[in-house]
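Shown next, in structure tokens, is the structure this report addresses.
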Amino acid sequence: MNVAYLVRKLAQALVTIAAIVILLFVLFRAMPGSPDRVSKNPNMTPAMQAAERARWGLDKPLVPDQLVAFIGSTVTGDLGTSIKFRGQPVTEVVGAAVGPTILLVGLGEAIAIIVGLALGALSGWRRGGLVDRLGNGASLVFYSMPYFVIGMPLIMVFASGLGWFPTSGMTTPGASADPVGQVLDVAGHLVLPLTAVTLGLIGAYSILMRSAIIETRAEDYITTARAKGLTDARILRHHAFPNALLPMVTFIAINLGYVIAGAITLEVVFSWPGLGTLTVAALNARDYPLLQGIFLLVSVSVVMFNLLADFVYGALDPRVRS
Amino acid sequence: MSARARWRPGRVVAALAFAASALVMALPSAAAADPVVLRVGTTQDLDASNPFNTVLVSGFEAFQLTYSLLVEFDKDAHPAPGFADSWERAADRVTFHIRTGMQWSDGEPADSADACFSWGLALAAIEDASYVGVGYLDPNVKDAGVTRIECPDASTVVAYTTDQSDRILQVYVPILPEHIYGKDDYTAIAEEKFDAPLVGTGPYTLAEWKTGQYARFVRNPQYWGPQGYEDEIVLRFYSNPDAMVQALKSGEIDYARDVNADQFEQLRADPRFTGVVGKANGFTQLAFNTYGSGTGETIEGGGPSTLALLDPAFRDALGYAIDKKVLLYRVLGGYGDAGTTIVPPVLSDWHVEPTTPRTFDIALAGQKLDAAGYPLDGSGKRLDKQGKVISLRLVTTSTSADYAKAAAFVKSWYGQLGIGVSVAVMDSSALGTLLLPSAGAKYDLELWDWMGNPDPNSLLQVLRCDAIENTSDSQYCNDAYDSLYDLQLTQTGEERHDTLAQMQNLIYDEAPYDILYYDASLHAYRTNRFAGWQNMPASSTPLFSYGILQYTLLTNAADAPIPPVAPATDDATQPAVPDLPDAGGAVSGRPVALLAMVAAVVLGAGVLLARRPRPAGADDDG
Amino acid sequence: MTTEVRGRLGRLLPDGADPTAPLLEVRDLAVRFRTPSGASVRAVGGMSFRLDAGEAMGIAGESGCGKTTTALSLVHLLPGTGRVSAGSVKLFGIDLVPLTERQLARYRWREISMVFQGAMNALNPVQRVGDQIAEPIEVRLGQSRDASRKRAGELLELVGIPRQRASAYPHELSGGMRQRAMIAMALACDPAVVIGDEPTTALDVMVQAQILQLLERLRRELGLSLLLITHDLSVIAETCDRVMVMYAGRVAEEGPVSRVFTAPRHPYTVKLLSSFPDIRTGRRALSMIPGSPPDLRTPPPGCLFAPRCEHAMPVCAVETPPEINSDDGVRVACHLFTAGDAVRRDAASEVKA
């Protein structure tokens, strides 16, 4: 893997991101609606409306004026000011939502990848066994369930019912001053949404891993391994799993790339102050600068994780390396 | 070497755990030891702590806690001392007297200079027709006829007005500290973020705002009025209304704003909670697209699909086909009032009932349509005067499921008259844009709502000719109505009441709007921590109403010897309404409980399905 | 190439082994598969054969005749629904058929190892070749990591691959190299029997010759006992002492290569041989024998080859032919050779012509 290759890959990534961002810029504006027509305000006068449009630069033609201005400011790192959260820079609004999303969805992905791959591997390896019947059944159910359906019963049972956890949100306002108390507070708030996101994701990973393992199990080298008199566990760990993992790498990378986008429904259900909730708010408000900021971040993340997937794939599969 | 391909989950977990804890540690620290905190839940996320930038009720609540208005509201929503402790009206001016010795929360003196500075921002913005105040602050000032403001000395503010109305006493201009923002003009102010902690003269000042999570207010020891019982107020924002109700039940919050009718009934049945039905200063209307009425103008490729919509007789006849009572009970669960005129009953000083009301009678509606020249054709379809089948496009928004429910009823009733209705639901921004003639105004019926100011003017002006291409959603234009509007601006008392009565009847009879119902706002609160809850005014709710007086009147529930008396509005029990029809698309029930049951069933079925023995030989390999 | 290899004689035999028993003796082996519709199909039926120490036996036959199934069934490696339904597989006199998976593990690779066709698929693509060879030494023989790596290097050199190539991945080796590595892997635990399942099929002619030479040399130097499965009769002719021709899951004819290939008795063997014009040089895929093997889901009664047989008699469609052992060590299952019937012997001589 030489430097030229790396540079070429990075350049490709940059071009991809630029294309996505420009496409989204146009798409957002092609949506029916406009930020100045969001709230029904009986006091609005035509003059004020015009002034408002001028304030967001919506009075100028979309192409080239608005687009050129947008590209110019984006390149210089200025993502503009939010329309919904008036007066707040987009970087600030987005920045505040990134942490909570990575904490919730990133952690959920991590747990789900480990548990889901293990569960899927066991299910596929002993197809029709107890693990498969229970695990795969539950996986299918949770995979097909919207987060609202997973989340609300969790809230009703474990939060308002048993009172073990807070119903929603990420922190208790003014609850604790010391860092340990705060960590515990966030951890307490994290349990239910994390459970919901993990359940949903485990399903996806486990179902895919299961079929990958089933496919791998039919390979000749598994017969070789059996002929070698290796234990089932060793064959699974050393021969089936590393090979079945290969098709999963791309899927995992794409999923991780989208971590940054948050889990929209999940965050809304649990009032989690992440990028998912923010995206909904920005979309409803036709907050173009905020939408652009969020999707720029998501595009960068997705493209970078795809790039990473190429490298990880190379590390895991010697055939790709040479 | 085989380690290369080996899976090492242990390291991944460790790395992630480390990252997670680092993230958590980075969170800012919160305040200290055990203050009495009033926790209020709302589904409306705060958009800005800058009063010139917020467009939301939660934003108005937030800035009024921090910043005093020149004149505030008492518990009946009447003018009460605020930044000014008294005032008197002369023909061309109102003189306000600022209390002496008042201080900002940072200890700086607060006097008339701050008021002149703050009002000056609004007046300058009006003069430039600026966006500052995003349509909420400035029009109040303009509507009050304020032309000029002067501060002859530290304790006096004089406002010159063009009329003699008392609207100047309802103006939402927050008094900002000049010593902090004085260097800025209004355009600079509009770009200010107003980062917490804020300095104000209100009872509680914004100490912390975490976007999408909560806003925390702390007691202002310098507050000019009596101190409240609670030390802090927290507004918590919920993106999921069901979760907010669960939080009220679990005791995480003390007050919940805007719960749905099903949740409200559950809460009211529970002795731990009190439910409040607050009459909203607004309505939900069915607007007819009357573009071209009076002017004869048309929109190329847009506008109403039939000229019948421009005919008052047609609209009047359709008015007999709407059963307001059914809408009230089937859509709002009985909470609210059946709609009539354009000024809501909550503005009791101005609201009148129509002189010649319509009643629900589909047969009569049909006869009136026949008589007005809209006969049925052979296949039972209603024809307009050009002989074209009338088929109407109804547009509404997805912000509340109520709209689609109401639309389904309208569709079914109009259908009985041989008039087809197609319903399109879209988000509010898309709908708001669609209504503009410049965007085609391609719709026939619009089902949406309006919320007004303390004064009825804002609701009245959306039917003026000059509201077209702006706030108008009926494209209605009637010079007689506009003249009456201008006339009432100059009037007060009985005179104005009579003019407003005339306007309300004119709109009711001409029917560019069919007011379907006056919405209600359903709030609920716990009674175990705080006592002293009161609706302000009596027809409304304790919080999120006029002013912020309630926040300073709460007491410790433990000190209240007698259990708090249920507010008068809470006994608004629903009479049983027998045999209401149901529209095809209208759904009711308890969605959350239903979903939980569905989840349980799906889960059970899934496990059973997975356990079902597979047919012999269905193995993958062999 | 003179690396010392631990001699076969010094190896430990499994518990309960009978030193006087034949190395491998299979009797009346039957293998059944369950079809997706739930029916049971007999893929191999009534197979008997014997392999002595140091001997090389070839198993020949068309694709799908049960060669590989027979080999895999010896140590229960049948895929999915396949299982041994009858018979015995005795190694050193110990019957492997009734053993559990756990008990059987002792015999896999240490006693019976395999060289599969197309080593690309038979080797784990993401593991280094050296690691794959060392794995059974480390795991099965309990040797240290270093010792097993060292031994893997020796084995690679034994099959003619420089030991530095141990760190290569399968795809980095040529087809012939992979097959050599596979052979080295099969020798890792010094097994009593090595089964080669079409070990040269996927290779080009030159490489095939090299691999066969290697097998020949190893057999000579190590005294390997080899069971060589192939549809390529020339391979058997070159490498094996005895040959067993299978048809539709049964033995058609079995005997010393010299006899069977020069004087085939079973009409199927005759057809098979005639499709190879010159056994010494011709390495072509089997040319067509008219008709196709029977559908084992609905096997015809009597001799399974009868429908394709030019010499079929009425009895062939009714009765399964018994296996007839003749004095020259050839065994044949054909009604033409039922004992004491001169007419049929005449017919048989026609077959030869």
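Within every chain, numbering begins at 1; the chains are lettered A, B, ... in the order of the sequence lines, protein sequences first and strands thereafter. Just so we're clear, the structure is a prediction, and the values are computed from it rather than from any experiment.
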Cut-off 4.5 Å, heavy atoms of chain C, and the answer for A:Ile222 is neither
So, the part of C:Val75 with a heavy atom under 4.5 Å from chain A: the answer is neither
Whatever's closer than 4.5 Å to a heavy atom in chain A on C:Leu78 counts as backbone
Crowded around [X] [atom1]? As in, over 12 foreign heavy atoms under 6.0 Å?
X	atom1	value
C:Arg32	CZ	yes
A:Tyr313	OH	yes
A:Tyr147	OH	yes
A:Glu215	CD	no

Counting heavy-atom pairs under 4.5 angstrom with chain A, the leader among C:His76, C:Met114, C:Glu135 is C:Glu135
Distance col, row C:Asn124:CG vs A:Asp220:CG, nearest 0.5 angstrom, shows 12.0 Å
ask   = Does C:Leu123 offer a backbone N or O that forms a donor-acceptor pair with the side chain of A:Thr224 under 3.5 Å?
value = no
Closest non-hydrogen contact found for A:Ala227 with C:Arg108 is O-CB, 3.2 Å
Closest non-hydrogen atoms of A:Gly229 and C:Ala105, given as atom of the first, atom of the second and distance, are O-CB, 4.1 Å
Scored by heavy-atom pairs under 4.5 Å with chain C, the best of A:Asp232, A:Thr223, A:Leu230 is A:Leu230
Go through the side-chain N and O atoms of A:His238 and C:Gln132 and say whether any donor and acceptor fall under 3.5 Å apart.
no
